[in-house]
Amino acid sequence: MLKPHDYGTTDFLQILKSRSPEHVADWTRLNGMQENFPHNFLEGTTVLALVYDKGVIIAGDRQATEGYQVGERRIKKVFKIDRHSAIAIAGVAGPCFETAKLFQVQVEFYEKMEGTSLSLDGQANYLSSLVRTNISLAMQGLIVLPLFAGYDLKQGKGRIFKYDVLGGRYEEDAYYAIGSGGKDARSTLKKIFHPEMNQEFALKAVIESIWDAADEDIATGGPDLIRKIFPTLTVITEEGVSDVSDETVEGMFHELVSRLEQ
Amino acid sequence: MSTPYYVSPDQIWEDKKVFVDRGIEQAKEVVVLEYNNGLLMVAENPRRTIFKISEIYDRIALASTGRVSEYEALRVAGIREAEVKGYTYYREDVTGKWLTNLYSQHMSAIAQGWDVKPLEIELLVCEVDSNPETRSQIYKITFDGTYEESEKFAVIGGRADAITEKLNETFTDGLELADALQLASRAFESIEVDESEPYEITPHTIEVSCLDATSGRRKFRRFSVEEIAEIFNHAS
């Protein structure tokens with residue numbers, strides 16, 4: 001099984017395709033089958049990212065819907081990719097998780113093979129091609145769209161990349177939100193955003209925009225104060241990627257609620 | 001009709017051993033030893049980009065010595081196999097023993113081939129567990145694919161026996177990271193026989209990495225020259 005003579009590539013997806021093609025989704029097989037699709041995929045989301053003075057925050061709600069029902073309450077939509085980047089995905093849950101997992105493995109694989117991490121731009125470009133592999137899926141309405149954020153060590157700042165279903169990659173320099181509640185979250189961020197904002201202020205802005213998205217969009221989950229399920233907030237700075245604790249997020253939501261009650 | 005020539009298997013095997021020993025004699029040593037948080041790996045290696053110790057998968061690292069091109073190919077193949085296995089099943093299912101068997105089978109096949117030279121390398125597959133109760137594992141693999149499981153510490157390279165002897169005297173359980181590094185450095189220094197010129201290990205002459213069982217998913221960490229100097233400062 002060990003084939004050291006084939007020194008190989010740093011592209012994990014290529015290796016997977018040649019070694020175990022059964023583990024690579026082939027969505028082209030779905031062509032013509034969409035009529036028969038059961039329409040109970042887990043979907044519906046708000047994920048967003050926001051740049052602040054020391055880095056970038058990437059966040060997402062926890063709910064997945066199946067039609068008009070809540071499919072899952074504690075899904076996580078934000079995934080750490082390497083020491084300085086993370087991805088959040090909106091769309092049909094199954095392929096979303098697969099894309100995130102494959103992307104994470106690829107970036108780490110490259111780092112180990114080369115002995116140096118893949119640049120943020122390199123990661124963003126590779127993600128383009130992963131999104132592109134899902135085109136036939138997207139054409140049938142089963143969309144997988146990532147939002148990618150990271151701290152660029154060379155440029156010394158947080159950066160955000162959004163994508164279209166054809167794999168187009170676009171950089172946003174301030175904030176962005178995608179998913180069914182994305183537009184609502186963006187409206188809130190637009191009013192609050194300030195390029196010099198610090199982390200505390202930025203976290204509050206994120207909390208408020210998720211609240212508004214959950215308020216307007218039935219497929220987005222707000223804070224669940226009874227089950228203690230809270231949106232995921234992940235902060236990326238020069239020091240690395242770290243999750244904001246549930247207690248902190250809970251505290252910020254309580255603060256927001258008491259402010260709204262006044 | 002000419003008589004087919006005959007060479008006894010003993011002779012063939014002996015020749016191969018002598019051939020490999022000659023290669024390994026010159027190979028720089030790598031020491032792997034247990035410390036309170038996992039495994040510390042130290043190699044005499046002043047080079048800053050060509051490594052003897054590297055990350056394979058979450059809890060697994062590889063220390064190697066001998067011909068660079070030969071162990072580099074095995075390192076890369078190991079990462080590839082580990083990633084495919086972890087992706088197919090689950091990350092926890094990738095184990096040191098599995099990787100050791102993979103390397104062992106490959107090295108043994110090459111050593112038995114009649115028209116290829118055996119690999120002039122020695123490997124240490126190192127593994128820690130997320131559960132601190134479980135002891136860490138070190139597997140030492142030699143050119144013919146034989147491997148053994150080592151306890152507490154293991155050494156590969158030309159003067160491995162001398163260093164092992166030294167460590168047998170000095171090694172203790174539950175060392176702090178800095179003390180473990182100090183111990184490994186002293187062991188390296190003790191085998192230099194030229195007494196006219198005392199030999200000293202500095203942060204610039206060694207490569208240091210660790211598998212820290214207490215850290216997150218990826219346990220492997222490579223220390224920079226500055227970090228090695230900092231660790232030396234903390235030794236008691």
Side-chain angles (χ1 to χ4, degrees), chain A residues 1-25 76 78-86 95 97-118 126 130 133 153 234 236 239-243 245, chain B residues 47-58 60-62 64 67 69-91 94 98-110 113 116 119 121 123 141 145 207 209 215-218 220-222:
Chain A
M1 282 296 273
L2 201 65
K3 290 181 188 142
H5 308 296
D6 163 27
Y7 190 71
T9 157
T10 50
D11 187 346
F12 180 73
L13 186 55
Q14 287 307 321
I15 293 168
L16 204 61
K17 276 180 182 163
S18 67
R19 287 284 307 278
S20 22
E22 71 276 18
H23 292 122
V24 183
K76 286 210 170 165
V78 180
F79 306 89
K80 182 182 173 186
I81 298 300
D82 80 348
R83 267 179 280 279
H84 293 98
S85 64
F97 289 136
E98 210 50 38
T99 302
K101 180 179 163 191
L102 193 55
F103 183 45
Q104 188 272 319
V105 169
Q106 167 61 42
V107 171
E108 188 178 316
F109 184 65
Y110 179 98
E111 185 189 325
K112 285 190 286 198
M113 297 287 266
E114 300 278 317
T116 170
S117 16
L118 184 56
Y126 187 82
L130 274 189
T133 59
L153 290 166
T234 299
I236 313 172
E239 282 76 48
V241 180
S242 59
D243 286 335
S245 72
Chain B
R47 293 170 292 190
R48 291 275 75 101
T49 51
I50 305 169
F51 299 122
K52 288 184 174 302
I53 307 160
S54 37
E55 177 182 15
I56 297 290
Y57 207 64
D58 298 354
I60 304 170
L62 178 70
S64 30
R67 273 184 192 274
S69 63
E70 292 177 356
Y71 68 67
E72 167 70 9
L74 286 187
R75 175 187 79 89
V76 163
I79 296 174
R80 192 163 55 217
E81 296 304 317
E83 291 286 7
V84 170
K85 189 178 187 205
Y87 190 85
T88 308
Y89 304 107
Y90 187 59
R91 297 194 77 95
V94 178
W98 164 81
L99 185 67
T100 303
N101 272 317
L102 215 60
Y103 283 149
S104 159
Q105 288 300 318
H106 176 72
M107 288 162 80
S108 138
I110 288 187
V116 283
L119 297 178
I121 56 172
L123 305 178
I141 318 171
E207 177 191 342
S209 297
S215 64
R217 177 171 64 75
R218 289 172 78 178
F220 183 83
R221 180 169 173 204
R222 188 185 297 292

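Letters A, B, ... mirror the listed sequences (proteins, then strands); counts begin at 1.
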Note to self: Under 4.5 Å from any heavy atom of chain A, what part of B:Tyr103 do you find: side chain, backbone, both or neither?
What the structure shows: both
Notebook entry, point to check: When you look at NZ of A:Lys76, are more than 12 heavy atoms from neighbouring residues, nucleotides or ligands closer to it than 6.0 Å?
Noted result: no
Next item on the list: Return the option, out of B:Glu55, B:Gln105, B:Arg75, B:Arg218, with the maximum number of heavy-atom pairs under 4.5 Å with chain A.
Entry: B:Arg218
Check: Are any of the side-chain heavy atoms of A:Glu108 and B:Asp58 separated by less than 4.5 Å?
Finding: yes
Margin query: Please report the interatomic distance CD1(A:Ile15) to CD1(B:Ile79), rounded to the nearest 0.5 Å.
Written below: 10.0 Å
Next item on the list: State the CG-OH distance between A:Leu13 and B:Tyr87, to the nearest 0.5 angstrom.
Entry: 8.0 Å
Notebook entry, point to check: Okay, side chain of A:Lys112, backbone of B:Ser54: is any donor-acceptor separation there less than 3.5 Å?
Noted result: no
Check: What part of A:Glu111 is in contact with chain B, defined as an atom under 4.5 angstrom from a non-hydrogen atom: side chain, backbone, both or neither?
Finding: side chain
Notebook entry, point to check: So which part of A:Glu98 gets closer than 4.5 Å to some heavy atom of chain B, the side chain, the backbone, both or neither?
Noted result: both
Next item on the list: Among the options B:Arg222, B:Arg91, B:Glu70, pick out the one with the most heavy-atom pairs lying under 4.5 Å from chain A.
Entry: B:Arg91
Notebook entry, point to check: At what distance, to the nearest 0.5 angstrom, does CZ of B:Arg80 lie from CZ of A:Phe109?
Noted result: 6.5 Å
Notebook entry, point to check: Using non-hydrogen atoms only, which part of B:Phe220 is less than 4.5 Å away from chain A: side chain, backbone, both, or neither?
Noted result: neither
Margin query: Check this for me, if you would: do B:Glu83 and A:Arg19 make a salt bridge, where the nitrogen-to-carboxylate-oxygen distance has to be below 4.0 angstrom?
Written below: no
